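Contents: one structure, followed by commentary.
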Amino acid sequence: MHLSEQEIIRRNALQELINLGIDPYPTGVFPVNASTTEILTNYKAGSGLYEDISLAGRIMGRRIMGAAAFVELQDAFGRIQLYIKRDDICPGEDKSLYNTVFKKLLDIGDIVWIRGYVFITQMGETTIHVKEFKLLAKSLRPLPVVKEKDDKVFDAFMDPEQRYRQRYVDLIVNPWVRDIFIKRTRMVNSMREFLNARGYLEVETPILQPLYGGAAARPFKTYHNALDTTLYLRIANELYLKRLIVGGFDGVYEFSKDFRNEGMDRFHNPEFTQMELYVAYKDYYWMMDLVEQMVEKIALDIHGTTQVKVGEHLIDFQRPWKRFTMFEAIEHFTGIDISEMDEKQLREVASQLGVEIDDTMGKGKIIDEIFGEKCEPYLIQPTFITDYPIEMSPLAHKHRSKPGLVERFEAICNGKEICNAFSELNDPLDQRERFEAQLELGRRGDEESMVLDEDFLRALEFGMPPTAGLGIGIDRLAMIMTNSPSIQEVILFPQMRPEKRKEISSDEEYEALGIPSVWIPILRQAGYSHIEALKKANPNALFNQLGGLRKKHKLEVPMPTMDEVRKWLALDSA
RNA sequence: GACUACGUAGCUCAGCAGGUAGAGCACAUCCCUUUUAAGGAUGGGGUCCUGGGUUCGAAUCCCAGCGUGGUCACCA
């Protein structure tokens, strides 16, 4: 394993600690009776508070001045300054706890426990005067050091690749990241409270499904050995929740991790979270009211106000939200009333508006394209769009009065869909026809068409009450509620291409080639970190390179002969 | 999938009329008992993403690949 200079220094420090009889990774319960933020908000000079406190956390900065030092300690809530004075922690003759252990063997990143009392420095900073400290865990890798003054950040750790691959570092170093995920969880908690207060039952349904349904998407496929069968990771849980409505629950919901085998971008992660809710004896109008109430509550719970800043916009979730039918929205943004048009007229409108369509698209798809291009991006404040074309909605109930449409709505916010809901289709014969239309699309090559689920139809045939259903994208909503520009910012471990680790040969492998151990690190540094690379090397070039490195590192070892080098490479010494 | 930008020290970045690799932070040594993004001095640390090509000579120019971001396409 190749270690940087700083890593070697830390490992040496680790060994020295052990030699001093200090366990660098002790176990036990370490009492903590305060937190950083609590102290910073409550402490006042002369208040008599916090005279004997214990804290644990990570060292994030050190300013050493001879026999005293200031340390930045970070716990789960924030940072506080510590003051460590040599003669306080080393009252006797032996000053090694300060001079050696603290000054030389501790580093930024180490996790420590401290005990002391709070005071305020001459600079006015609330600080803990440390009487006692203990190392809880030694850190072997240098942490990026981010500094800040007057809200200006210096050397910010912002490379997205490193931030997402090493989220633990991101969380240590960027306090706003922790904040985003706390808000996300508060959002989920807020929804759960809202739904539980109404008596709906939180359930769990299968993630591994023999048939994937409930949405139009390509699935991930897997295999179960004992059952000798193909299974799919769910793309939605809709059909299972509706089975539960058939079963007699009158309100069920699930926070569902769903999986779709499609492209990734700043709005799509292959695994994402939806909350789906189904309530019997209700319709989509009723569901709109529920969504308004729930999202308004979320904004209030997270921000204490209904107004949320998202990018350039201030979005206000206060009820009631604007409502448009899809036809009204299109007329509003384009001035064209398409409600009575046939497919030919729609095609003309599309080309007139510069909306790209192709011959395979039917009426519903064309309308959807026009809406997606001309309306959706401009809907910034939360808006309900209702009454979608039937072709696009194979699981939604026919509109009670408008032919060709279904009782469906989406809430659009910041130019993006945040939820999708309908009066659920509960007519089993109609549902069978819709599935068959989907099968036809599949036969024509649509890879995302739905598959026919006989068991689901059987359930509907037993009778499902009129039901309102809702799917709400948790990641998308979290992006809005935390003002995050990308889905990766609201998923702790977003999907990334697997990190390729460079293969590095062990010392034994080098030695097996007859290479003296002193040369092994030199060879690695010269670029031959794997013996295969070494075997391919040109012996003359290698020989010269070794000579150079020997000089550079002032090595006291004899230079190998050309013959020896050729032997390492398994060449005849000709 | 297409286009585009980027990939240099642990971190943030400079260097690109091709000529021996730089800064700040971090790290090491020494001096400093209330400092604060950075006290002072000195010093160490690089397969300049990988592989080819052009060239006497490539971090720099060209090609390919890998990785990441952005835009577009796809994703109701």
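Computation of the quantities below employed the complete heavy-atom set of this structure, encompassing side-chain atoms and omitting hydrogens, waters and symmetry-equivalent molecules. Naming: A, B, ... by sequence-line order, numbering from 1 per chain. Every value quoted in this text rests on a predicted model; they were computed, and no experiment measured them.
- Taking the P atom of each, B/G22 and B/G39 are spaced 25 Å apart, rounded to whole Å.
- A/E271 is linked by a salt bridge (Lys or Arg N to Asp or Glu O under 4.0 Å) to A/K257, counting only residues two or more places apart in sequence or in another chain.
- Taking the ring pair (Phe, Tyr, Trp, His ring centres under 6.0 Å) definition, one finds that A/Y212 meets it with A/Y232, sequence neighbours left out.
- No donor-acceptor pair under 3.5 Å is formed between the side chain of A/Q162 and the backbone N or O of A/D159.
- For B/A38, the OP1/OP2 oxygens have a side-chain nitrogen or oxygen of A/K147 closer than 4.0 Å.
- In this structure A/E125 satisfies the side-chain hydrogen bond (donor to acceptor under 3.5 Å, both in side chains) test with no other residue, sequence neighbours excluded.
- Comparing the C1' positions of B/A37 and B/A73 gives a spacing of 44 Å, expressed to the nearest Å.
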Tabulated below should be each protein N or O lying under 3.5 Å from an N or O of nucleotides 29-31 of chain B; please produce it.
| unit_1 | atom_1 | unit_2 | atom_2 | d |
| --- | --- | --- | --- | --- |
| B/C30 | OP2 | A/K104 | NZ | 2.9 |

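- Heavy atoms of A/D150 sit nowhere under 4.0 angstrom from any nucleic acid atom.
- One interatomic measurement links the two molecules: CZ of A/R497 to C1' of B/C66, which rounds to 9 Å at whole-angstrom precision.
- Comparing B/A23 with B/U4, their C1' atoms sit 29 Å apart, to the nearest whole Å.
- Across all strands shown, B/C75 has no partner, as no Watson-Crick or G-U wobble contact with both distances under 3.5 Å is found.
- Using a 4.0 Å heavy-atom criterion, one finds that A/A156 contacts the sugar-phosphate atoms exclusively.
- The gap from the C1' atom of B/C75 to that of B/A21 amounts to 46 Å, rounded to the nearest Å.
- Remark: the separation of the C1' atoms in B/U71 and B/A9 is 33 Å, to the nearest Å.
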Below 3.5 Å is the cut-off: list the nitrogen or oxygen pairs between protein and nucleotides 3-10 of chain B, distance only.
| unit_1 | atom_1 | unit_2 | atom_2 | d |
| --- | --- | --- | --- | --- |
| B/G10 | N7 | A/Q6 | NE2 | 3.4 |

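- Side-chain atoms of A/A67 lie closest to B/U33 of the nucleotides B/G67, B/U33, B/U36.
- By the salt bridge (Lys or Arg N to Asp or Glu O under 4.0 Å) test, A/E424 is found to be paired with A/K242, residues two or more places apart in sequence or in another chain being considered.
- Distance CE (A/M60) to P (B/A38): 12 Å, rounded to an integer number of Å.
- As rounded to whole Å, 12 Å separates atom C1' of B/A37 from atom CD1 of A/I108.
- Separation of the C1' atoms belonging to B/C11 and B/U29 is 23 Å when rounded to the nearest angstrom.
- Under the Watson-Crick or G-U wobble criterion, with both distances below 3.5 Å, B/A23 is paired with B/U12.
- B/A17 has its base syn relative to the sugar, with a glycosidic angle deviating from 0 by at most 90°.
- A/R63 meets the salt bridge (Lys or Arg N to Asp or Glu O under 4.0 Å) test with A/E72; sequence neighbours excluded.
- The side chain of A/E161 has B/G67 as its nearest neighbour among B/G67, B/U34, B/U36.
- Considering only the side chain of A/D155, B/G24 comes nearest among B/U33, B/U34, B/G24.
- Partners of A/N483 under the side-chain hydrogen bond (donor to acceptor under 3.5 Å, both in side chains) rule, at least two apart in sequence or in another chain, do not exist in this structure.
- Both tests hold for A/R62 against A/F102: distance to the six-membered ring centre under 6.0 Å, angle to the ring axis within 45°.
- Across all strands shown, B/G46 forms no Watson-Crick or G-U wobble pair with both distances under 3.5 Å.
- Pairing of B/U68, defined by two Watson-Crick or G-U wobble distances under 3.5 Å, is identified with B/A5.
- Rounded to whole Å, the distance from NZ on A/K85 to P on B/C32 is 16 Å.
- Counting only distance, with no hydrogens or angles, the side chain of A/R476 and the backbone of A/I487 share no donor-acceptor pair below 3.5 Å.
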Check against salt bridge (Lys or Arg N to Asp or Glu O under 4.0 Å), A/R141 and A/E7: CA-CA 6 Å; A/R141 281 179 188 262; A/E7 288 173 299; 3.8 Å; yes
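- B/A37 atom P lies 13 Å from atom CZ of A/R79, rounded to whole Å.
- Annotation: ring pair (Phe, Tyr, Trp, His ring centres under 6.0 Å) contacts of A/F456 (sequence neighbours excluded): none.
- Between A/F157 atom CZ and B/A26 atom C1' there is a gap of 14 Å when expressed in whole angstrom units.
- Not counting sequence neighbours, A/D155 has no partner by the side-chain hydrogen bond (donor to acceptor under 3.5 Å, both in side chains) test.
- B/G57 is unpaired under the criterion used here, namely a Watson-Crick or G-U wobble arrangement in which both key atom distances are under 3.5 Å.
- Nucleotide B/A38 forms a pair with no other nucleotide shown, judged by Watson-Crick or G-U wobble geometry with both contacts under 3.5 Å.
- In this entry the distance linking CG of A/L140 with P of B/C27 reads 15 Å, nearest Å.
- Taking A/D94 as the reference, A/S96 meet the side-chain hydrogen bond (donor to acceptor under 3.5 Å, both in side chains) condition, with sequence neighbours excluded.
- Distance CZ (A/R63) to C1' (B/U33): 15 Å, rounded to an integer number of Å.
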What's touching nucleotides 73-76 of chain B from the protein side, N or O pairs under 3.5 Å?
| unit_1 | atom_1 | unit_2 | atom_2 | d |
| --- | --- | --- | --- | --- |
| B/C75 | O3' | A/E448 | OE1 | 3.2 |
| B/C75 | O2' | A/E262 | OE1 | 2.3 |
| B/C75 | O2' | A/E262 | OE2 | 3.3 |
| B/C75 | O2 | A/H268 | NE2 | 2.3 |
| B/C75 | N3 | A/H268 | NE2 | 3.4 |
| B/A76 | OP2 | A/A216 | O | 2.4 |
| B/A76 | O3' | A/D368 | OD2 | 3.0 |
| B/A76 | N7 | A/M392 | O | 2.5 |
| B/A76 | N1 | A/A216 | N | 3.4 |

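- A distance of about 16 Å separates the C1' atoms of B/C61 and B/G15, rounded to the whole Å.
- When the nearest nucleotides of RNA chain B are assigned to A/R10 and A/R165 by heavy-atom distance, the more 5′-ward of the two goes with A/R10.
- No cation-pi contact links A/R408 to A/F422, judged by a cut-off of 6.0 Å to the six-membered ring centre and 45° from its axis.
- For B/G19 and B/C13, the P atoms lie 25 Å apart once the distance is rounded to whole Å.
- OP1 or OP2 of B/U68 has not a single side-chain nitrogen or oxygen of A/R163 nearer than 4.0 Å.
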